[in-house]
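Structure first, then comments.
Chain identifiers are assigned alphabetically (A, B, ...) following the order of the sequence lines, protein sequences preceding nucleic acid strands; residue numbering begins at 1 within each chain. This is a predicted model, so every value here is computed, not measured.
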Amino acid sequence: MFEKDIYQLIRGLRAHKGNEREYIQDSLKECRKEIRGADMDQKATALLKLVYLEMFGHDMSWASFNVLEVMSSPKYLQKRVGYLAAVQSFRSDTEVLMLAGNLLKKDLNSPDKIIMALPLITIPHVINASMANSLLGDLVIRLSHSNPAIRKKTIVTLYRLALVYPETLRPAWPKIKERLQDENEDPSVTAAIVNVICELGWRRPQDFLPLAPRLFELLTSNTNNWMAIKIIKLFSTLLPLEPRLAKKLLPPLTNIIKTTPAMSLLYECVNGMIQGGMLDAVEGTTEGDEIARLCVSKLRAMLVVEGDPNLRYVALLAFARITTSHADLVSEHRDVILECIDDPDISIRIRALDLVVGMVDANSLQTVVERLLRQLRTSGRATAADEPSNDRGTHDGIVPRADDDDEALTTIHPREAKSTQPPPLPDDYRTGVIERILSMCSKDTYANMTDFEWYVTVLVELVKQCPAVSAADVSGGAAKSRPSAADAIGDELVNVAVRVKAVRPEAASAAQSLLVLESREHLFPASAGGGHGVLGSSAFVAGEFAGLLPSPEAVLTSLIHPSNAQLPAAVLLSYLQAIPKLFSQLTGNQQGLWNQSHASHCTLVIARIVHFLEPLAIHPNLEVQERAVEFLDLMRLTSEAVSSQPLDDEDNATPRLLSQAIPSLFSGVELNPVAPSALLKVQPPEGLDLDAPINANLNMILQQADLDSEYVETDNEVYKFYHEKPSAVAFDPHRPAAELLDPAGTGSSRSSSYQDAEADSNPESLERKKLMRRERNKDDPYYIDPDRASNSSTPLHNILRSNNGDALDVDSIPVMELNMDASNGHNVPAPPTSDRKPVRKAQRRFEVAADETLGGDNDAPSAFQLTSAASAARGKRSLLEVDSSGLASLSLDDAAAATRSSALEFERRRLEEEEMAKAMKEVERLRLEMQRAQEGIQFGEAPEGGTMVVRKKKKKKARVEGDAEEAANGGDGGEEVGVVKKKKKKKKMAVEDDGQEQQPEEDALVAKGKRKKKRQVVFDENTAAD
Amino acid sequence: MINAVLVFNNNGQPRLTKFYTQLDTSVQQRLISEIFTLVSARPASSCNFLPLPPLLASSSSSSTSNEHNDAPSLVTYGHYATLYFILISTSTESPLALLDFIRVFVEALDKLFENVCELDLIFNFETLHAVLGEMIVGGVVVETSLDKIVEGVRAQGRVMKRPVNESRPGLAQGIWAGR
């Protein structure tokens, strides 16, 4: 039977309309078989098929060893397939990566430049730190290869090397610089270098300032627009560092802006000038004014140009970049930017919206918001078919489908296909618009808001425009991670009602209109309950300002409608809380006498409420359950009070429970807005470090407490907390707490000679023994109490710190006393206090209550916030991101490098060592495994032990030099410091010192040193090249 | 730098996927389908820049304060006949220049295949990779000149057209065998 080749696979796929899945599974099975065979042709074909199927999401990581086999094929066509497979399928955890090093080295040194190019374009995809180190030498010499195509690819590959192992850039950089300075260099090589420098540039612009003259020269003698754009981008990061550059760059850039036919270049010129702060640099001079006008007018022209939405989009991007620094320039063009929020293209609208949010003022706010509202009102909603969740791709993954041939045969003209008909507004855009309207209106505590009545109507209107919430979110209930647009509207409603007294009646009636069941259908047309997030907030407003409701009776009726039991728990909670408030409003404030009709009214209302609450007492949500039960009992009490109150007596007033007790539950202090950061702004007392041990003298104090014999140990936990010494040693958090609490569990770090095994299982007897011992020795000043020693470790402090340390720490620190009285007379930082601090923001009749905060003058985030922000920034990493942060600490300036030594460097080195050690073990393991399993397959002439041999060699050399260095330095700072310093002085050391760190593994592998000689040659060559 | 290059057709069938970061196959597929969902909903009159797909948007929105960073911030696409060409890149790339780049890519394919159509790319996806390899290495653009790209690909061996008669599947199967 003949195997399928790649064409047959593809053709087969196309022929099997409808059952592609089966066909693919069969093919995969065949591939598995074929790839294990001995025939290299067959292997390569199978691999190519796998690569094709990988494109459709069929994992091929299991074939990584076969990839390596095909890569090592002597035939170019097979090799190419192998390399392609490596690029597409190798991941950082691919084990055979370690074995690929030798093969890559060998192919890099191939006499055939076509073969040489294969590893060059593959290395960026598979590189890791240890490989970077060993490949560096082979790559650097390729910079002088006769073929420009090889040179330019090498340059980029070296850049990727530097990303995983920044030190490799040090030996490579002078060579790259040399290429750049060479006037006779091939223009594409120069362009590639400029591209790389542009990538490096923003990390450490100062290192590239010396290149400015050459870059300037390249810019002015420009032939390649792509390169010119990159140079301009690079200059815009250099400009802030060197003010003189601005003057120098002005003429050529102006020239380009005026003459270039390429819109991309023109745009980047303008963008670069603005971004680099050039307009500031030349401000005041006549040519400065001229250039500013020129730039902005070009951008404006891009916005208004017909038929090219791309230009509009990028112009808005540029405006957005300068809006922080040149707000005046941007707002001059408010008219055209505002036009863009109605652009048919949603990408453009979003960009414009971002800009507009920053541009609105008191005058334009209403117009802009009305405009956005109209947009929401008039455009259709996305139909179900357009929803991402209904997309085939998301459900099933992508299945290769038989293609429509007529379509596939359509020639791809280098002219873009265009079709027409505008799409309905997608939901996330709707959400975005609503969020931006809210943020525009509430900006700076409603600084721009002049008409709050209008705002309340806008809020109600927005509820109608809320996109539907997906089923998952609804069922998620309280666990919902992201607040929906409706939640945000609800928050605004509460916010306005609480802050602006004058608008409370309107807010209350808005809340009523949202709550009343009859209008529900009209207000929430979106089927899936898009606006339901607003109900909870409405219920709060209605309850809190029940006195202002136009019709509290109707609201209460809606609140206790049986259908409400189906609402999400969070909403239901607000409802439950609002019901008694409304009840007390309806029944409590009767001035008139207690008479028959009144009593029956009360009884009726109570009965209805009880009817609603009863089923909720078994609601699955515990909090709903609790509140329901509480209010249920309250209602029953009230019911008793009502029925026991005599009716006939003339003197009898309303029962006290109704007239006083219940209202007093809900009135009292008035609600005030509190800044979310208020608590964080409680300044930590000077010198307070929550991470530090509670008291440096803790030992001393405990010692004294110890001596006080009146300390009676009734509670073991408390006793331990005060009597165990703090520890600075990190402890394994996964160990069970019980084990940690047992002092004997840490036997390794302390002397266990006095603790016998039985104590382990019996903490009480242990305590007793300890006490006896202390008692015995307490008067002996020379007795070394293990519990008092400062530098041995117990886990207790750590446990406390990690488990409940915060509470303990906070309790022990008198936070309140320290700051309150000093700042502004607030006694309590958090919620309802009666003294408020109204700040006049709005000019007219609305008084907006500002957030209550502490020492409100400074906006500086507290220390807590800073640390959390920093850690968040570190933790987050985008999916496709290639991390180049390692480069930030790498200085290419030799003089600076010689003196610089940072803790970060040490840390990184240590991690690398660990990784290397792990990797070497892995290689050895794999090597043995494969040697056994795959007798026939070796890598050309390179023996498996090659890598190790190189290390071995390096190690020796590095050792000698390291020792010499140490001797020269007078042995200061120990060996490790010596190594690092040395590295900075001599570039080649960068390669060597890893070898030294590998010592333990290598000692075990010395026996494998068969190919020392050849490796030695290569090594010398590259040190010489340095 | 450029983080990924994707080519897929009007139905979301991938024709080329190249990620310059190591990424799990399943995540790659999710990203492709997210981008396809975004791009297929756009009318022709709109601009060639996409909002970030949800997979990418979540992490990058937090770091907008910095002018430059490593996070991909730009999704540029071109729609040529039945195919979408997608570039995902960071802020060091120029948006308009990327559009030109896609154009050069398509022109290079057109020159190599002579009136290139989707079928050519389906059957010769290796060549598609080769063209891209001449233009981008490790996420950095190394060549934008059409002639040099074509020359570089041709140097690697003859570029094949699609198999003859491929337009009529079924008939061709017995006749056309071998490579």
Point to revise | Contacting region of Leu38(B) [heavy-atom separation from chain A under 4.5 Å] | key: neither
Check your understanding: Is any side-chain heavy atom of Leu50(B) closer than 4.5 Å to a side-chain heavy atom of Ser347(A)?
Key -> no
Review point. Does the distance from a Lys or Arg side-chain N to an Asp or Glu carboxylate O, for Lys153(A) and Glu134(B), drop under 4.0 Å?
Key: yes
Check your understanding: Hey, does Tyr7(A) have a side-chain heavy atom less than 4.5 Å from the side chain of Ile122(B)?
Key -> no
Check your understanding: Measuring heavy-atom distances to chain B, does Glu268(A) have an atom under 4.5 Å in its side chain, in its backbone, in both, or in neither?
Key -> side chain
Revision key, fill the gap. Value for CG (Leu96(B)) from CG (Asp308(A)), rounded to nearest 0.5 Å, stands at 8.0 Å
Practice item. Please flag which part of Asn224(A) lies under 4.5 Å from any non-hydrogen atom of chain B: side chain, backbone, both or neither. Key: side chain
Point to revise | Contacting region of Ser26(B) [heavy-atom separation from chain A under 4.5 Å] | key: neither
**Study point:** Interchain contact, Phe90(A) with chain B, by part (heavy-atom threshold 4.5 Å)
**Key:** backbone
Point to revise | Heavy-atom contact with chain B under 4.5 Å, split by part of Ile114(A) | key: side chain
Study note, to complete from the structure: Applying a strict 4.5 Å limit to non-hydrogen atoms, the region of Asn147(A) in contact with chain B is neither
Practice item. Could you look at Arg160(A) and say if it's the side chain, the backbone, both or neither that has a heavy atom under 4.5 Å from chain B? Key: side chain
Check your understanding: Between Glu199(A) (side chain) and Thr92(B) (backbone), is there a donor-acceptor pair under 3.5 Å?
Key -> no
Review point. Any ion pair linking Glu93(B) and Lys233(A) (charged N to carboxylate O, less than 4.0 Å)?
Key: no
Check your understanding: Under a 4.5 Å heavy-atom cut-off, does chain A meet the side chain of Gln28(B), its backbone, both or neither?
Key -> side chain
Practice item. Using non-hydrogen atoms and a 4.5 Å limit, figure out which bit of Ser145(B) sits close to chain A: side chain, backbone, both or neither. Key: neither
Review point. Non-hydrogen atoms of chain B under 4.5 Å away: do they reach the side chain of Leu120(A), the backbone, both or neither?
Key: backbone
Review point. Given side chains that start at C-beta, do those of Leu48(A) and Phe125(B) come closer than 4.5 Å, heavy atoms only?
Key: yes
**Study point:** Region of Leu23(B) that comes under 4.5 Å of a non-hydrogen atom in chain A
**Key:** both
Check your understanding: Short question: side chain of Asn195(A), backbone of Val141(B) - any donor-acceptor pair under 3.5 Å?
Key -> yes
Check your understanding: At a heavy-atom separation under 4.5 Å, does Arg203(A) approach chain B through its side chain, its backbone, both, or neither?
Key -> side chain
Check your understanding: Does Gln22(B) use its side chain to pair, donor to acceptor, with the backbone of His125(A) at less than 3.5 Å?
Key -> yes
